[in-house]
Amino acid sequence: MAKLPPAKFVTSAAKLEQCPHFGRPEYAIVGRSNVGKSSLLNALALQKTLAKTSRTPGRTQLINYFDFGPFLLADLPGYGYAAVSKAQQEHWRKELSRYLQHREALAGVVHLMDARHPLTANDREMRAFLLQHQLPLIVVLTKVDDVKQGELLRSVASVAEETGQDPLQFSSRTGKGRKELLSLLRGGAPEADEESDAGV
Ligand SMILES: Nc1nc2c(ncn2[C@@H]2O[C@H](COP(=O)(O)OP(=O)(O)OP(=O)(O)O)[C@@H](O)[C@H]2O)c(=O)[nH]1
Ligand SMILES: [Mg+2]
């Protein structure tokens with residue numbers, strides 16, 4: 001496959017109505033706070049500081065758009081962060097569900113779960129919502145560098161059993177899973193036509 005152009009930050013949106021029209025497929029990165037969404041995005045882009053990462057969960061409070069050429073990635077606020085006020089949690093829950101239900105450009109969702117403890121109650125709630133709205137899902141286990149092999153195998157098996165699909169194993173530290181995920185994301189994009197100047 002042709003080399004991707006360097007990924008770029010485009011804009012932030014506080015709600016659905018502020019999301020721009022790109023005319024290209026978009027994938028949302030979804031997962032609980034601190035699961036490694038922004039780090040995964042940086043690993044895909046091979047750029048350390050493209051998306052802000054943080055040891056303090058709940059920092060991404062906007063839909064942040066990144067242009068990867070043939071597709072866009074939307075880095076979303078994490079769910080399940082108890083230290084954010086109830087009112088703020090409720091606000092985000094509403095905005096996120098509106099975005100996920102009504103965003104026409106949304107080609108799919110990359111659902112991240114922590115390889116150490118996947119399928120938390122919040123993960124299951126999010127998954128049920130995504131399935132209910134018939135969004136194509138790519139299930140990813142994050143931080144696989146940080147888990148013992150036996151534990152990883154148990155996590156993979158439990159996710160496979162519950163979802164009927166093998167999760168993609170990813171580490172933003174080692175780059176494991178990067179090529180596989182990129183090719184899934186690119187595979188979902190339509191072929192560029194002759195007049196396209198998307199740069200791919
Ligand atoms: N060991 C290991 N740590 C990781 C990996 N990915 C992310 N982390 C660490 O996990 C923490 C959270 O990473 P982020 O990428 O900011 O997580 P996030 O899901 O974007 O968090 P919010 O935006 O707050 O929801 C940081 O301290 C990262 O360094 C990984 O693949 N391996
Ligand atoms: Mg983040």
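Just so it is clear, the model here is predicted, and its values are computed rather than measured. Note that ligands are numbered from 1 as they come in the structure, with each ligand's atoms numbered from 1 the same way.
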S.K.: Do you see a donor-acceptor pair shorter than 3.5 Å between the side chains of D114 and T142?
M.R.: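 There is no such pair between these side chains.
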
S.K.: Out of A51, S172, A43, S33, indicate the one that has the non-hydrogen atom closest to atom 30 (C) of ligand 1.
M.R.: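 Comparing heavy atoms across A51, S172, A43, S33, the nearest one to atom 30 (C) of ligand 1 lies in S172.
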
S.K.: Give the single entry among K176, K143, R32, K52 that approaches atom 9 (C) of ligand 1 most closely by any heavy atom.
M.R.: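 Nearest option to atom 9 (C) of ligand 1, by heavy atoms: K143.
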
S.K.: Using a 4.0 Å cutoff against the non-hydrogen atoms of K37, which atoms of ligand 1 qualify?
M.R.: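 Once the distances to K37 are compared, the set is 15 (O), 17 (O), 18 (P), 19 (O), 20 (O), 21 (O), 22 (P), 25 (O).
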
S.K.: Under 3.5 Å, is there a donor on one side chain and an acceptor on the other for D123 and T120?
M.R.: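 Their side chains do contain a donor-acceptor pair, which is all the 3.5 Å distance test asks for.
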
S.K.: Output side-chain donor-acceptor pairs under 3.5 Å for residues 151-158, partner residues at least two apart or in another chain, one line each.
M.R.:
| from | atom 1 | to | atom 2 | distance (Å) |
| --- | --- | --- | --- | --- |
| S155 | OG | A115 | O | 2.6 |
| S155 | OG | E151 | O | 3.3 |
| S158 | OG | R154 | O | 3.4 |
| S158 | OG | S155 | O | 3.1 |

S.K.: Has ligand 1 got any nitrogen or oxygen that is less than 3.5 angstrom from a nitrogen or oxygen of P77?
M.R.: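 Between P77 and ligand 1 (N or O atoms, distance only) the closest approach is not under 3.5 Å.
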
S.K.: Inspect the contact between E162 and R124 and indicate whether a charged nitrogen and a carboxylate oxygen are less than 4.0 angstrom apart.
M.R.: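 Judged by the 4.0 Å cut-off on N to carboxylate O distance, R124 and E162 do form a salt bridge.
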
S.K.: I'd like to check which ligand 1 atoms, numbered from 1 as shown, lie under 4.0 Å from a non-hydrogen atom of S171.
M.R.: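 It comes down to these atoms of ligand 1: 31 (O).
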
S.K.: For ligand 1, find out whether one of its N or O atoms is nearer than 3.5 Å to an N or O atom of D75.
M.R.: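 Min N/O separation from ligand 1 is not below 3.5 Å for D75.
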
S.K.: Out of G78, S38, A115, whose heavy atom is nearest to atom 20 (O) of ligand 1?
M.R.: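 The option holding the nearest heavy atom is S38.
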
S.K.: Carefully, step by step, assess S38 and D75 under the rule side-chain hydrogen bond (donor to acceptor under 3.5 Å, both in side chains).
M.R.: CA-CA 7 Å; S38 303; D75 188 17; 2.8 Å; yes

S.K.: Answer whether the closest heavy-atom distance between the side chains of D166 and V159 falls below 4.5 Å.
M.R.: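 Side-chain contact under 4.5 Å: no.
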
S.K.: If I apply the N/O under 3.5 Å rule, does L40 come out as touching ligand 1?
M.R.: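 No: no nitrogen or oxygen of L40 is under 3.5 Å from one in ligand 1.
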
S.K.: How does D145 reach ligand 1, if at all, at less than 4.0 Å between non-hydrogen atoms: by side chain, backbone, both, or neither?
M.R.: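 For D145, the contact with ligand 1 is made by the side chain alone.
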
S.K.: Residues two or more places apart in sequence or in another chain: which of them pass side chain to side chain donor-acceptor pair (under 3.5 Å) with Y65?
M.R.: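 Residues passing side chain to side chain donor-acceptor pair (under 3.5 Å) with Y65: E26, R103.
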
S.K.: Counting backbone and side chain alike, does S38 bring an N/O/S atom below 2.8 Å of the Mg ion (ligand 2)?
M.R.: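 So S38 counts as coordinating the Mg ion (ligand 2), yes.
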
S.K.: Heavy-atom contacts with S39 under 4.0 Å: which atoms of ligand 1 show up? List them by number with element.
M.R.: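 Result: 6 (N), 7 (C), 13 (O), 14 (P), 15 (O), 28 (C).
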
S.K.: Salt bridge check: are R24 and D67 linked by an N-O gap of less than 4.0 Å?
M.R.: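 Salt bridge: yes.
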
